[in-house]
Amino acid sequence: MDKTIQQQIETLLAEGFAAAQAAGALPPFELPARIPVQRSRYKAHGDYASPICLGLAKVLRRAPMQIAQTLLQHLPAAPFIGHVEVAPPGYVNFTLDDGWVAQQTPSILQAGERWGDIDTGRGERVQVEFVSANPTGPITVGSARNAVIGDTLASVLQAAGYAVEREYYINDAGSQVRIFGESVLARYAEALGVEGVPFPEKGYRGDYVVELGKQLAAEAGDRYLTMERKEAVRAVARWAVEQMLESIRVDLAAIRVTFDSWFHERWLYERGLFDEVLARLREGGYVVEHDGAVWFRSPDLEKDAVLIRSPQVIPEPSERPTYLASDAAYLWDKLVVRGFRRAIYVWGADHHGDVPRVKAAAKALGLDPDRLVFILYQLVTLLRGGEEVRMSKRRGDFVTLRELVDEVGPDPIRFMMLTRTVDVKLDFDLDLAVEQSDRNPVYYVQYAHTRIAGVLRHAQAQGWPLDAAGDPALLTHPSELALIRKMLELPEIIALVADNLAPHHLTTYATELAALFHAFYRDCRVVDSHAPALTRARLMLVRAAKVVLARVLHLMGMDAPERM
RNA sequence: GCCCCCGUAGCUCAAUUGGAUAGAGCGUUUGGUUGCGGACCAAAAGGCUUCAGGUUCAAAUCCUGACGGGGGUACCA
């Protein structure tokens, strides 16, 4: 699909204005870069409406209605438009041609899983970096929201014609990893029955650390107790991080989240990127040294400078100085070394304070800060029995993604995590998620898909060929046309989600689409031996609806079941 | 103190990013299949979009200030 209907109407309007000006009916003026065209909320307003004339009234010094009427006279005809009219106070309303709408059914069917694809991205390379949870523990429910948002966004961007790469950034160079290593080492010594290995004060107390200790004891014997402690901590940390990463990989795969690349923070130091970036910052005059500490100072930062390296921290090459240092080197790697046009970060809202600093670092490095895009999602609250489940890192007190998947399955997690804008706190109701009832929105959409599968099974059992072409001209019932119109909207939804990085629109669309299918199902009997031609047409429609439902479900990372 | 997000129907949330009559689900009330899966459909009721100003042809949406809830505040990530 080259252009969405919305875009085609934009073009029509632009041509109409050009024609009106050429004919002298309107004075010369400059059109806005984007002509607003929206889907009408009411049937009486047609399918699409443009308020463009309202905005032009002041520029043209004419009444909006008059502009609209003049425009109408010069608007070129288009096969997909059935009717255009002007409505007070100056809207231009477009109604799609019913015949044309019906004719789109075979096209949708033919596009199949590619239906909805657009090309606003034009192959632009975009990286979506998400989850990136510390490899010092299992993935929690909070990170699950991150995972679902990031993965869905990546899928939609791909559908919108971007060349997308999914990345997980592994924070494996900081002090947390060292403390993790110390924690595991202590549990390992315990497992071996050796005393005198202290558990760090702010160590990781989860059961999984005890398990790691046992596992290490079984695998390595007392090897790590015989070497120098510092070295042992480092080696154990490295091993434990690998174990956690593997478990993280498995847990995320369980909700159908996978990555194209896993980027280690320590690479930034091992490969000399940090030094390179620090040198660049220094050259630009953005680095200040004071009392042995290294600071980053940007003209954009009104407050104090940001610490890059402190004199107290032993500057071990494998240990990161401060997070800004890593972030600066990392963004350089994204935008310059690997050359992504845009780098999207999916971050919990609790990190919002870092956004200006990272952007400032980009600017100081001579890069356009707008190439870094931050999606800040509000945090997740887990409800069980109407009560908030308090989550802390203490043992037994936080819910892992693994537990959640075991309890509710991947589909409710994917759907629920997408239902809201990223800007609002999400209450994840565990009881509702498992409940298979009217109250659970998750199954509504999947049920529509299943119902279609059921109809097709029935048809096949009656001896109808499923792949026979039907005559779309027979699809004239209002419920049929409403359903097709909704299917035609998918490319615009993909554009909407991709442009605004707002994946929640998918859930709304999917629900609306399912609702229109259910209404159609009520109004129109599909398989009817007394009306073979109509049956063939409706089987075609139903198959097309199945394709679109499946596409939306797959974009959300959900299953499109044949049976439930 | 400062920074960020939120405040919309009884509840949980939408509203195509400044457009016409603010929409869904749940809950409540009422109705629907001698039919392809009733995990469905239809109808009713429910609103001063927290409050007060402002910007403009037009504000739930933008600006200012209150009030209320959540998060952050830099050598944790």
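On a predicted model such as this, the values are computed, not experimentally measured, just so you know. We name chains A, B, ... by the order of the sequence lines, and we start the count at 1 in each one.
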message: Say we look at rC26(B) and rC63(B): how far apart would their C1' atoms be, to the nearest angstrom?
response: 36 Å
task: Mind calculating the distance between CG (Asp350(A)) and P (rC6(B)) to the nearest angstrom?
output: 16 Å
task: Check every atom of rG37(B), rC6(B), rA14(B) against the side chain of Asp423(A) and return the nucleotide holding the closest atom.
output: rC6(B)
Under 4.0 angstrom between Arg522(A) side-chain N/O and rA42(B) OP1 or OP2: yes
For atom OH of Tyr345(A) and atom P of rC4(B), their distance in whole Å: 21 Å
field: Nearest-0.5 Å distance, CG of residue Leu418(A) to CD1 of residue Ile149(A)
entry: 7.0 Å
query: What nucleotide among rC4(B), rC41(B), rA39(B) has an atom nearest to a side-chain atom of Tyr447(A)?
result: rA39(B)
field: Side-chain donor/acceptor contact of Asn93(A) with base of rA20(B) under 3.5 Å
entry: yes
- prompt: Say you pick atom C1' in rA22(B) and the same atom in rU49(B); how far apart are they, in whole Å?
  reply: 8 Å
- prompt: Which of these nucleotides, rA15(B), rG19(B), rA77(B), is closest to any side-chain atom of Thr421(A)?
  reply: rA15(B)
query: If we take the C1' atom in both rA39(B) and rC6(B), what is their distance in whole Å?
result: 33 Å
- request: Respond yes when some side-chain nitrogen or oxygen of Arg420(A) is under 4.0 Å from OP1 or OP2 of rC13(B), and no when none is.
  value: yes
task: Among rC76(B), rA14(B), rG72(B), find the nucleotide with the atom closest to the side chain of Val424(A).
output: rA14(B)
query: Can you tell which of rG37(B), rA77(B), rC57(B) lies closest to the side chain of Leu54(A)?
result: rC57(B)
message: Using whole Å, what does the distance between atom P of nucleotide rU16(B) and atom CG of Leu506(A) come to?
response: 15 Å
task: Find the partner of rG38(B): check Watson-Crick (N1-N3 plus N6-O4 or O6-N4) and G-U wobble (N1-O2, O6-N3) distances, both under 3.5 Å, and reply none if neither fits.
output: none
- line: Checking rA77(B), rG19(B), rC36(B) against the side chain of His458(A) (C-beta onward), the nearest is rC36(B)
- line: With the side chain defined as heavy atoms from C-beta on, Pro51(A) is closest, among rU12(B), rG19(B), rA20(B), to rG19(B)
Pairwise C1' distance, rG71(B) and rC75(B) [rounded to whole Å]: 22 Å
- prompt: Where does rU17(B) land, syn or anti, given syn is within 90° of 0?
  reply: syn
field: Complementary nucleotide of rC2(B), counting Watson-Crick and G-U pairs under 3.5 Å
entry: rG72(B)
query: Tyr444(A) side chain N/O closer than 4.0 Å to the phosphate oxygens (OP1, OP2) of rC41(B)?
result: yes
task: Confirm from the modelled atom types if His352(A) and rC3(B) form a donor-acceptor pair under 3.5 Å, side chain to base only.
output: yes
- prompt: Would you say Thr105(A)'s side chain and Leu541(A)'s backbone share a donor-acceptor pair under 3.5 angstrom?
  reply: no
- prompt: Quantified in whole Å, what is the P atom distance between nucleotide rA42(B) and nucleotide rC48(B)?
  reply: 27 Å
- prompt: Who is the Watson-Crick or G-U wobble partner of rG65(B), with both distances under 3.5 Å?
  reply: rC51(B)
task: Starting at atom CD of Glu129(A), determine the distance to atom P of rA77(B), rounded to an integer number of angstrom.
output: 15 Å
query: Of all the nucleotides listed (rG70(B), rA77(B), rG19(B)), which has the minimum atom distance to the side chain of Asn134(A)?
result: rA77(B)
Donor-acceptor pair under 3.5 Å, Asn500(A) side chain vs rU17(B) base: yes
message: Using a 3.5 Å distance criterion without hydrogens, assess whether the side chain of Asp411(A) forms a donor-acceptor pair with backbone atoms of Asp559(A).
response: yes
task: With the side chain of Ser175(A) defined as its heavy atoms from C-beta on, choose the nearest nucleotide among rA15(B), rC76(B), rU12(B).
output: rC76(B)
- prompt: Taking OP1 and OP2 of rG38(B), is either one under 4.0 Å from a side-chain nitrogen or oxygen of Tyr521(A)?
  reply: yes
message: It should be established whether His518(A) places a side-chain nitrogen or oxygen under 4.0 Å from OP1 or OP2 of nucleotide rA39(B).
response: no
- prompt: Over how many whole Å does the gap from Phe520(A) atom CZ to rC40(B) atom P extend?
  reply: 18 Å
message: Strictly distance-based, threshold 3.5 Å: is any side-chain N or O of Asp423(A) a donor or acceptor partner for the main-chain N or O of Tyr377(A)?
response: no
query: Looking only at side-chain N and O atoms, does His505(A) come under 4.0 Å of OP1 or OP2 in rA15(B)?
result: yes
Ring-face cation contact, Tyr521(A) with Arg451(A), 6.0 Å cut, 45° max: yes
- request: Could you measure between the two P atoms, the one in rU61(B) and the one in rA20(B), and give it in whole Å?
  value: 13 Å
field: Under 4.0 angstrom between Lys58(A) side-chain N/O and rC57(B) OP1 or OP2
entry: yes
message: Taking only the P atom of each, what is the distance from rA44(B) to rC5(B) in whole angstrom?
response: 39 Å
Side-chain donor or acceptor of Glu10(A) paired with backbone N/O of Arg34(A) under 3.5 Å: no
- line: In whole angstroms, the gap separating C1' of rU12(B) from CD of Gln378(A) amounts to 17 Å
- prompt: Do you know which of Phe259(A), Tyr345(A), Tyr168(A) makes ring pair (Phe, Tyr, Trp, His ring centres under 6.0 Å) with Phe130(A)?
  reply: Phe259(A)
- prompt: OP1 or OP2 of rC36(B) less than 4.0 angstrom from a side-chain nitrogen or oxygen of Arg451(A), does that happen here?
  reply: no
query: Would one find more than 12 heavy atoms of other residues, nucleotides or ligands at under 6.0 Å from atom CZ of Arg457(A)?
result: yes
statement: Pairing partner of rG25(B), by Watson-Crick or G-U wobble and under 3.5 Å for both distances, is rC11(B)
